[in-house]
Novice: 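Could you have a look at this structure, given as structure tokens, before my questions?
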Amino acid sequence: MLSLDDLYRGFREPEVIRAMAGEIRALAPRLPEPLRVMEVCGGHTHTIMKFGLTQLLPPEVEFIHGPGCPVCVMPKERIDQAIALAEQPGVILTTLGDMIRVPGSRGSLAQCRARGADVSPLYDPLDALAIARDNPQRTVIFFAIGFETTTPMSAALLAEAERLGIDNLLLHINHVLVPPAIEAVMAEPACRVNAFIGPSHVSVITGAEIYRPIVQRYRLPLVVSGFEPVDVMEALLMLVRQRVAGRCDLEVQYRRAVTAEGNRLARELVARYFELREHFRWRGLGDIPASALRLRDEFAHRDAERRFALDQSPIEDHKACQCADILRGLAKPSDCRVFGRGCDPSRPMGSCMVSSEGACNAYYRYRGLNEDH
């Protein structure tokens, strides 16, 4: 049986990566302007840093890191709400593992658990069902996070709870959407981005067509890419070829999984249980209209936000932390004065350092491979 290393080896071949980098360097002098590419997803950022791809690029081509991941963009007040829920009598709070260490204004969920609250990190949201079934006298709350990729799992959790009649399971919904985040980045007056690499796992669910309005509105190229180094370099080469040819199109590099329409059944499942919020405040990006989801009114009995009186007041980040600028593509982690000094993965001040997909985490973890960047 093939190991994961065997399966991935073809997408990590140094000779293939170097050949693509060579073509990018050959084409770069023909670019009409420097190509400043935002990779929206932190998975791409970690690939770029882990494999030292920045070292292979000509000066005319630059990566600008974007919103990164749902953990990175979760504002402090939402973390505080999770802590407030965990401190309620009889509550078991469950969430995906990365959320446990993200700091709010009252510490993190890990610190909340150390103080005696019942907080359980999950690998699979459906594990919350077993916890609720095994604890019928308690209220189990799933603090749901994620872009379009993980939203169907939360919908499946709710569907199964309804089917089984597990009434002591609630959800606190924090699912956010990628296209409005890109719109927010482009609305920034100081934005320098003129090309995007879109996350493939989102498009597996939604289809690649969700990005077409952005391509048409801003007249810039966007390539939906996989997460291996060969994927990222091929996506970058596709962007360079577009600009040299004077084109601004939506293209799919990750053709082995992404289609134009996406996963119809997953999209229908999400639409059955969720609807757009009018507004949602993102860490670093501020309030973005129609950028997140909430439970439909008919499932209000599952909504922890409606069941409990939670403080919705916005809370700003630490003044020394530059996560906001990093998430908007206005600064790199190494620009932050507390990076690697007052802030590192063992003592994170901001979400970009604590998240396994955060840009600061990637810079810190792979800094030896990217000393010039």
Side-chain angles (χ1 to χ4, degrees), residues 21 24 28 31-69 72-73 147 178-200 202 211 214-215 217-225 227 229 231-240 242-243 248 250 253 282-286 288 321-336 339 350-353 355 357-364 366-367 369-370 372-373:
I24 290 170
L31 286 166
E33 61 179 335
L35 191 67
R36 296 178 290 273
V37 182
M38 175 172 281
E39 79 282 2
V40 178
C41 182
H44 287 135
T45 305
H46 274 252
T47 294
I48 290 164
M49 302 305 293
K50 178 178 180 179
F51 293 93
L53 301 187
T54 54
Q55 303 290 331
L56 304 175
L57 301 183
E60 297 91 344
V61 179
E62 176 189 1
F63 283 116
I64 296 177
H65 316 307
C69 72
C72 293
V73 300
F147 288 120
V178 169
I182 295 178
E183 296 273 6
V185 166
M186 293 303 298
E188 169 62 49
C191 177
R192 300 186 303 120
V193 176
N194 57 12
F196 282 97
I197 291 179
S200 58
V202 166
Y211 301 115
I214 293 166
V215 171
R217 183 175 298 114
Y218 297 104
R219 297 298 303 154
L220 49 74
L222 189 152
V223 175
V224 179
S225 171
F227 291 94
D231 292 326
V232 175
M233 288 302 286
E234 183 180 20
L236 189 59
L237 177 57
M238 292 166 72
L239 290 169
V240 170
Q242 279 200 45
R243 296 305 295 124
C248 291
L250 169 65
Q253 179 277 332
W282 294 52
R283 199 168 197 153
L285 299 177
I288 307 177
C321 175
Q322 285 188 250
C323 269
D325 289 340
I326 293 164
L327 292 168
R328 297 201 305 274
L330 304 180
K332 292 209 164 60
S334 51
D335 297 328
C336 181
F339 173 79
S351 57
C352 297
M353 184 63 84
S355 169
E357 290 192 353
C360 293
N361 187 295
Y363 267 62
Y364 189 88
Y366 305 117
R367 58 196 184 281
L369 301 175
N370 301 272
D372 296 332
H373 299 266

Novice: Looking at Lys332 and Glu62, does any basic side-chain N land under 4.0 Å from a carboxylate oxygen?
Specialist: yes
Novice: Check whether Asn194 reaches the backbone of Leu35 with its side chain - one donor and one acceptor, N or O, closer than 3.5 Å.
Specialist: no
Novice: Just so I know, are the side chains of Ser355 and Asn361 near enough to count as touching, which here means a heavy-atom distance under 4.5 Å?
Specialist: no
Novice: Pro32 versus Arg243: any side-chain heavy-atom pair under 4.5 Å?
Specialist: yes
Novice: Find the distance between NE2 (His65) and CE (Met38) and round it off to the nearest 0.5 Å.
Specialist: 9.5 Å
Novice: Are Phe63 and His44, when compared by the centres of their aromatic rings, separated by less than 6.0 Å?
Specialist: no
Novice: Would you check, one step at a time, whether the test side chain to side chain contact (heavy atoms under 4.5 Å, CB included) holds for Leu239 with Val61?
Specialist: CA-CA 10 Å; Leu239 290 169; Val61 179; over 6 Å; no
Novice: Considering all heavy atoms of both residues, which atom of Ile197 and which atom of Ala235 are nearest to each other, and what is their separation?
Specialist: CD1-CB, 4.3 Å
Novice: Is the shortest heavy-atom distance from the side chain of Val193 to the side chain of Glu188 under 4.5 Å?
Specialist: no
Novice: For the SG atom of Cys336 and the CD1 atom of Ile326, what is their distance to the nearest 0.5 Å?
Specialist: 5.5 Å
Novice: Calculate, to the nearest 0.5 Å, the distance between atoms CG and CD belonging to Leu237 and Gln242 respectively.
Specialist: 11.0 Å
Novice: Within the side chain of Arg328, is there an N or O that forms a donor-acceptor pair under 3.5 Å with the backbone of Gly284?
Specialist: yes
Novice: Is the charged tip of Arg367 near the ring of Tyr363: under 6.0 Å from the six-membered ring centre and within 45° of its axis?
Specialist: no
Novice: Could you pull out the closest heavy-atom pair between Pro67 and Leu285, with the gap in Å?
Specialist: CG-CD1, 4.1 Å
Novice: Any side-chain heavy-atom pair from Glu357 and Cys72 closer than 4.5 angstrom?
Specialist: no
Novice: As an exercise, state the distance from CG of Asp335 to CD of Gln322, rounded to the nearest 0.5 Å.
Specialist: 6.5 Å
Novice: Looking only at heavy atoms, which two atoms of Gly329 and Ile64 are closest? And how far apart?
Specialist: O-CG2, 3.4 Å
Novice: What I'd like to find out is whether the side chain of Val224 reaches to under 4.5 Å of the side chain of Val202, using heavy atoms alone.
Specialist: no
Novice: I want to check something: taking the side chain as every heavy atom from C-beta on, are Phe196 and Met186 in contact at a cut-off of under 4.5 Å?
Specialist: yes
Novice: Does the side chain of Val232 reach to within under 4.5 Å of the side chain of Phe51, using non-hydrogen atoms?
Specialist: no
Novice: Identify the heavy atoms of Phe227 and Gly43 that sit nearest to each other, and give their distance.
Specialist: CD2-C, 3.6 Å
Novice: Which heavy atom in Ala184 sits nearest to a heavy atom in Ile288, and how many Å separate them?
Specialist: CB-CD1, 3.6 Å
Novice: If the condition is ring-ring contact (aromatic ring centres under 6.0 Å, His included), which residues does Tyr218 pass it with, not counting sequence neighbours?
Specialist: none
Novice: What heavy-atom pair brings Gln253 and Val223 nearest, and what distance separates the two atoms?
Specialist: CB-CG1, 3.7 Å
Novice: Would you call the rings of Tyr366 and His46 parallel, tilted or perpendicular, where under 30° means parallel and over 60° means perpendicular?
Specialist: perpendicular
Novice: With a 4.5 Å limit on heavy-atom distance, are the side chains of Leu53 and Leu236 in contact?
Specialist: no
Novice: Atom CE of Met233 and atom CD1 of Ile48: how far apart are they, to the nearest 0.5 Å?
Specialist: 9.5 Å
